[in-house]
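This report refers to the structure that appears directly beneath it.
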2 protein chains.
Amino acid sequence: MTQATFFVLTALADQPRHGYGILREVEDLSGGEVRLRVGTLYGVLDRLTADALIVLDREEVQQGRLRRYYRLTDDGMRALTAEAERMAAGASAAQRRIAEGRRAPERPVTPPATGPGLAGGLA
Amino acid sequence: MTQATFFVLTALADQPRHGYGILREVEDLSGGEVRLRVGTLYGVLDRLTADALIVLDREEVQQGRLRRYYRLTDDGMRALTAEAERMAAGASAAQRRIAEGRRAPERPVTPPATGPGLAGGLA
DNA sequence: GTTGAATATATCGGCGGACGATATATTCTG
DNA sequence: CAGAATATATCGTCCGCCGATATATTCAAC
């Protein structure tokens with residue numbers, strides 16, 4: 001799942017929203033870091049609809065402007081949940097490894113075999 | 001940053017590895033879920049090298065087979081750290097919103113205006 | 001009263017990145 | 001001797017993101 005797709009699903013996770021509302025919501029919940037372009041948005045919306053992860057909830061005409069509201073399906077909610085878990089797992093895996101890498105020169109507790117050959121290196 | 005790029009950086013976070021080793025390491029640390037194709041790998045490696053997030057650490061000939069080891073640069077470490085933070089933030093934002101959406105019908109503590117219209121629910 | 005920003009939709013072409021296929025070479029196992 | 005595993009590399013295709021562009025309405029400014 002791409003970043004754009006993930007953020008669109010996230011924006012729809014709590015309530016149905018219309019396209020432009022998703023744009024602002026994504027910008028908001030990412031702390032202003034992620035700004036979806038309209039071209040990206042409607043592509044994502046079409047693909048998610050085709051995959052049945054979202055559906056058209058309703059259409060409203062607010063002050064002469066059409067608002068097309070989309071809503072997560074059960075599949076969409078499941079997909080988002082799974083993706084969030086995968087991301088969390090990936091993030092902590094990375095953070096763990098970063099910590100391990102930094103610790104390397106300390107030679108903590110368990111030497112692999114018995115130290116002597118290591119001097120030669122790549123040999 | 002793409003998924004493939006993120007996992008390559010993560011695989012290199014604790015120690016230098018060669019291409020094929022990265023392939024197995026990524027599969028390993030993702031619990032078998034992510035399998036990089038060689039076409040993807042070398043593309044990523046070239047791009048990361050061009051961006052100076054990794055460098056060629058050394059070349060070894062092990063049993064007649066060339067091994068080309070790559071290593072994270074300081075920039076690469078910073079980029080990975082930042083990306084991991086962004087992913088963790090994104091994941092918890094999604095999980096928070098999922099919880100909010102699910103909690104909606106419970107009407108917890110603070111009603112927005114005064115509750116009467118809510119009975120309609122999702123209608 | 002017209003101009004410009006915000007709101008709201010939609011399409012299209014370019015470009016970059018992931019992937020599948022393919023190729024080469026060595027070592028190990030059967 | 002054949003096939004799997006190890007290890008490198010390239011190429012074409014397809015898909016997704018982005019920038020540009022278009023249309024239409026409302027509201028604030030001048």
Side-chain angles (χ1 to χ4, degrees), chain A residues 1-12 16-28 30 32-51 53-71 79 83 86 90 122, chain B residues 1-12 15-28 30 32-51 53-71 79 83 86 90:
Chain A
M1 183 180 300
T2 63
Q3 224 116 343
T5 302
F6 172 76
F7 275 109
V8 169
L9 289 181
T10 302
L12 293 176
R17 292 177 198 276
H18 63 283
Y20 197 83
I22 295 174
L23 245 38
R24 287 177 306 178
E25 188 60 22
V26 167
E27 189 179 342
D28 208 57
S30 71
E33 280 183 39
V34 180
R35 278 190 178 181
L36 258 43
R37 323 302 154 126
V38 286
T40 305
L41 175 70
Y42 289 104
V44 169
L45 250 25
D46 288 347
R47 249 171 286 126
L48 285 175
T49 300
D51 294 347
L53 299 187
I54 64 174
V55 284
L56 184 60
D57 186 63
R58 67 187 188 278
E59 287 180 342
E60 284 180 12
V61 177
Q62 201 81 10
Q63 295 164 324
R65 297 193 204 94
L66 177 65
R67 285 183 173 179
R68 192 160 286 160
Y69 284 81
Y70 292 90
R71 154 173 59 88
E83 183 68 10
R86 239 172 294 146
L122 62 103
Chain B
M1 183 182 299
T2 64
Q3 223 117 342
T5 302
F6 172 76
F7 275 110
V8 169
L9 288 181
T10 302
L12 293 176
Q15 57 174 279
R17 293 178 197 275
H18 63 283
Y20 197 80
I22 294 173
L23 244 37
R24 288 177 305 178
E25 188 61 21
V26 166
E27 188 179 343
D28 207 58
S30 72
E33 280 183 40
V34 180
R35 279 191 177 179
L36 259 41
R37 322 303 153 126
V38 286
T40 304
L41 175 70
Y42 289 105
V44 170
L45 251 25
D46 287 347
R47 250 171 285 125
L48 285 176
T49 300
D51 294 347
L53 299 187
I54 63 174
V55 285
L56 184 61
D57 187 62
R58 66 187 190 277
E59 287 180 342
E60 285 180 11
V61 177
Q62 201 80 10
Q63 296 163 322
R65 299 193 205 92
L66 176 65
R67 285 182 173 180
R68 192 161 284 158
Y69 284 80
Y70 291 90
R71 157 173 57 88
E83 184 67 11
R86 239 173 294 148

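- D46(A) has its CG atom 12 Å from the P atom of dC17(D), to the nearest Å.
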Verdict with supporting geometry, Y70(B) and T49(B), side-chain contact (heavy atoms from CB on, under 4.5 Å): CA-CA 9 Å; Y70(B) 291 90; T49(B) 300; 4.0 Å; yes
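- The separation between L66(A) atom CG and dT25(D) atom P is 12 Å, rounded to whole Å.
- With respect to E59(B) and R67(B), no salt bridge is recorded, no charged nitrogen being found less than 4.0 Å from a carboxylate O.
- No donor-acceptor distance shorter than 3.5 angstrom exists from the side chain of T40(A) to the backbone of L36(A), with no hydrogens or angles considered.
- If you measure from atom CD1 of I22(A) to atom P of dT7(C), you get 15 Å, rounded to the nearest angstrom.
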Could you pull out the protein-nucleic contacts involving nucleotides 14-16 of chain D (nitrogen or oxygen on both sides, under 3.5 Å)?
{"from": "dG16(D)", "atom 1": "OP2", "to": "R47(A)", "atom 2": "NE", "distance (Å)": "3.4"}

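- Considering only residues two or more places apart in sequence or on other chains, Y69(A) meets the ring-ring contact (aromatic ring centres under 6.0 Å, His included) condition with H18(A).
- Residue R24(A) places at least one side-chain N or O under 4.0 Å from the OP1 or OP2 atom of dA8(C).
- Qualifying salt bridge (Lys or Arg N to Asp or Glu O under 4.0 Å) partners for R58(A), counting only residues two or more places apart in sequence or in other chains: E60(A).
- The side chain to side chain contact (heavy atoms under 4.5 Å, CB included) check on E27(B) picks up R35(B), with sequence neighbours excluded.
- Between F7(B) and V26(B), the shortest heavy-atom contact is O-CG2, 3.6 Å.
- The distance between atom CD of E60(A) and atom P of dT25(D), rounded to the nearest whole Å, is 19 Å.
- The CG-P distance, from L23(B) to dT6(D), rounds to 10 Å in whole Å.
- For DNA chain C, the neighbouring residues in residues 33-44 of chain B, judged by any heavy atom under 4.0 Å, are R37(B), V38(B), G39(B), T40(B), V44(B).
- Between T5(A) and V44(A), the closest heavy-atom pair is CA-CG1, 3.9 Å.
- A heavy-atom distance below 4.5 Å is not found between the side chains of L12(B) and L48(B).
- When side chains are defined from C-beta on, R71(A) does not count as touching L56(A), because their heavy atoms never get closer than 4.5 Å.
- For L45(A) and dA8(C), the CG to C1' distance is 13 Å, given to the nearest whole Å.
- Going from atom CD of E25(B) over to atom P of dT6(D) covers 14 Å, rounded to whole Å.
- With rounding to whole Å, E27(B) atom CD is found 16 Å from dA7(D) atom C1'.
- R17(A) and I22(A) make their closest contact through CB-CG1, 3.9 Å (heavy atoms, listed as atom of the first residue, atom of the second, distance).
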Between N or O atoms, less than 3.5 Å apart, protein on one side and nucleotides 24-30 of chain C on the other: list the pairs.
{"from": "dT26(C)", "atom 1": "O2", "to": "R65(B)", "atom 2": "NE", "distance (Å)": "3.2"}
{"from": "dT27(C)", "atom 1": "O4'", "to": "R65(B)", "atom 2": "NH2", "distance (Å)": "3.0"}

